[in-house]
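The block underneath contains the structure these notes are about, expressed in structure tokens.
One-based numbering, in listed order, for ligands and for the atoms of each. None of these values were measured; they are calculated from a predicted model.
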Amino acid sequence: SQEKLMQDLMKCINFCAIKHRFQKRKDPEGTPYINHPIGVANILVEEGGITDPDVIMSALLHDTVEDTDTTFDEIEKQFGAKIRGIVCEVTDDKSLPKETRKMMQIEHASVSSYEAKLVKLADKLYNLRDLQRATPLGWSEQRVNEYYAWASKVVEGLRGTNEPLENELDKILAMKK
Ligand code: NDP
Ligand code: ZN
């Protein structure tokens with residue numbers, strides 16, 4: 001029902017805000033981290049035309065396990081097995097070295113579920129726009145260029161999922177070529 005949906009959504013936004021409460025983005029202003037997951041969910045609704053609550057709540061939760069003390073069991077208990085599965089698909093294995101994690105994102109993109117591909121597309125779009133808006137503290141131009149190159153490889157594996165999001169990504173990626 002509409003009431004249940006609104007309850008679930010607000011519970012999810014509140015959960016994410018609490019989990020990310022001490023974190024900031026890498027931009028020079030140190031924007032509150034929660035702006036990112038909310039922005040990713042908003043891209044999916046506003047630009048991707050996505051209204052599946054499992055996808056939107058997974059987008060809100062997508063960095064909680066990777067970047068906070070949140071566990072997959074906690075996500076399943078609070079939001080169910082479907083959302084746990086999507087969040088699991090978009091979470092890097094933090095026990096691996098960063099270079100390996102970056103390679104695995106490229107490898108895993110094309111074999112992800114439709115729902116995970118949507119979250120990955122919106123996440124990359126948000127981060128590339130963020131990079132375009134302001135260079136993170138301490139990042140060289142080369143590092144920015146490397147991020148674009150890596151992101152474009154991940155996006156290659158996500159194609160055929162959502163036209164508007166892919167078109168927006170193409171616009172941003174074309175500017176760096
Ligand atoms: P990343 O290069 O992965 O940082 C980018 C990530 O930071 C994004 O994917 C995003 O992830 C998050 N983020 C937070 N704030 C912003 C923002 N304002 N704009 C864009 N993204 C933001 O950094 P790591 O330290 O995790 O990875 C290190 C990797 O970087 C190494 O593997 C190496 O390849 C490379 N590197 C290159 C250097 C160079 O000079 N060329 C130097 C050091 C490292 P999320 O969605 O999770 O928030
Ligand atoms: Zn993210």
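Checked for salt-bridge contact, D54 and R84 miss the test: no charged N lies under 4.0 Å from a carboxylate O. Looking at K120 and E166, no side-chain N of the basic residue comes within less than 4.0 Å of a carboxylate O on the acidic one, giving no salt bridge. For K19 and D67, the salt-bridge test fails: no basic side-chain N is under 4.0 Å from an acidic carboxylate O. The pair E168-R129 counts as a salt bridge, with a side-chain nitrogen and a carboxylate oxygen less than 4.0 angstrom apart. We find that R101 and E66 are not joined by a salt bridge, their nearest charged nitrogen and carboxylate oxygen being 4.0 Å or further apart.
Assignment of Y126 to the shell around ligand 1 is not supported, since no heavy atom sits closer than 4.0 Å. No heavy atom of W150 sits closer than 4.0 Å to any atom of ligand 1.
Every atom of ligand 1 with a heavy atom of D123 under 4.0 Å away is listed here by number and element: 46 (O). Using a 4.0 Å cut-off to heavy atoms of S140, the atoms of ligand 1 that qualify are 40 (O). Listed by atom number, the atoms of ligand 1 under 4.0 Å from D63 heavy atoms are 45 (P), 46 (O), 47 (O), 48 (O).
Between the side chains of E74 and Q78, no donor-acceptor pair of N or O atoms lies under 3.5 Å. D73 and T71 share no donor-acceptor pair across their side chains, judged by distance under 3.5 Å alone. In this model, no donor atom of one side chain and acceptor atom of the other lie less than 3.5 Å apart for H20 and D63.
Taking the centre of each ring, F15 and F79 come in below the 6.0 Å mark.
The N/O atoms of K26, backbone and side chain alike, include one that comes under 3.5 Å of an N/O atom in ligand 1. At least one N or O atom of E146, backbone or side chain, sits closer than 3.5 Å to an N or O atom of ligand 1.
Among all protein heavy atoms, the one lying closest to atom 33 (C) of ligand 1 is E99 OE2, 3.4 Å. At the top of the distance list for atom 48 (O) of ligand 1, counting protein heavy atoms only, stands Y33 OH, 2.4 Å. For atom 42 (C) of ligand 1, the closest non-hydrogen atom of the protein is R143 CD, 3.5 Å. Nearest protein neighbour of atom 9 (O) of ligand 1, counting heavy atoms only, is Y147 OH, 2.6 Å. In this structure, atom 11 (O) of ligand 1 lies nearest to the protein heavy atom N127 ND2, 3.7 Å. For atom 1 (P) of ligand 1, the nearest non-hydrogen atom of the protein is K102 NZ, 3.7 Å.
Listed by chain and number, the protein atoms of type N/O/S under 2.8 Å from the Zn ion (ligand 2) are H36 NE2, H62 NE2, D63 OD2, D123 OD1; waters are omitted.
Within 6.0 Å of the CD atom in E29, the count of heavy atoms belonging to other residues, nucleotides or ligands exceeds 12.
Side chains of R25 and D130 form a contact here, defined as non-hydrogen atoms less than 4.5 Å apart.
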Show, in sequence, the C-alpha distance, side-chain angles and deciding distance for Y126 and N42, and conclude whether the side-chain hydrogen bond (donor to acceptor under 3.5 Å, both in side chains) test is met. CA-CA 10 Å; Y126 185 103; N42 189 58; over 6 Å; no

In sequence, state the C-alpha distance, the side-chain angles, and the governing distance for Q132 and K176, and then conclude on side-chain hydrogen bond (donor to acceptor under 3.5 Å, both in side chains). CA-CA 10 Å; Q132 193 180 47; K176 272 281 165 185; over 6 Å; no

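The option with the heavy atom closest to atom 22 (C) of ligand 1, from among Q142, K98, R25, is R25. Heavy-atom proximity to atom 19 (N) of ligand 1, evaluated over D130, D27, V144, N145, is greatest for D130.
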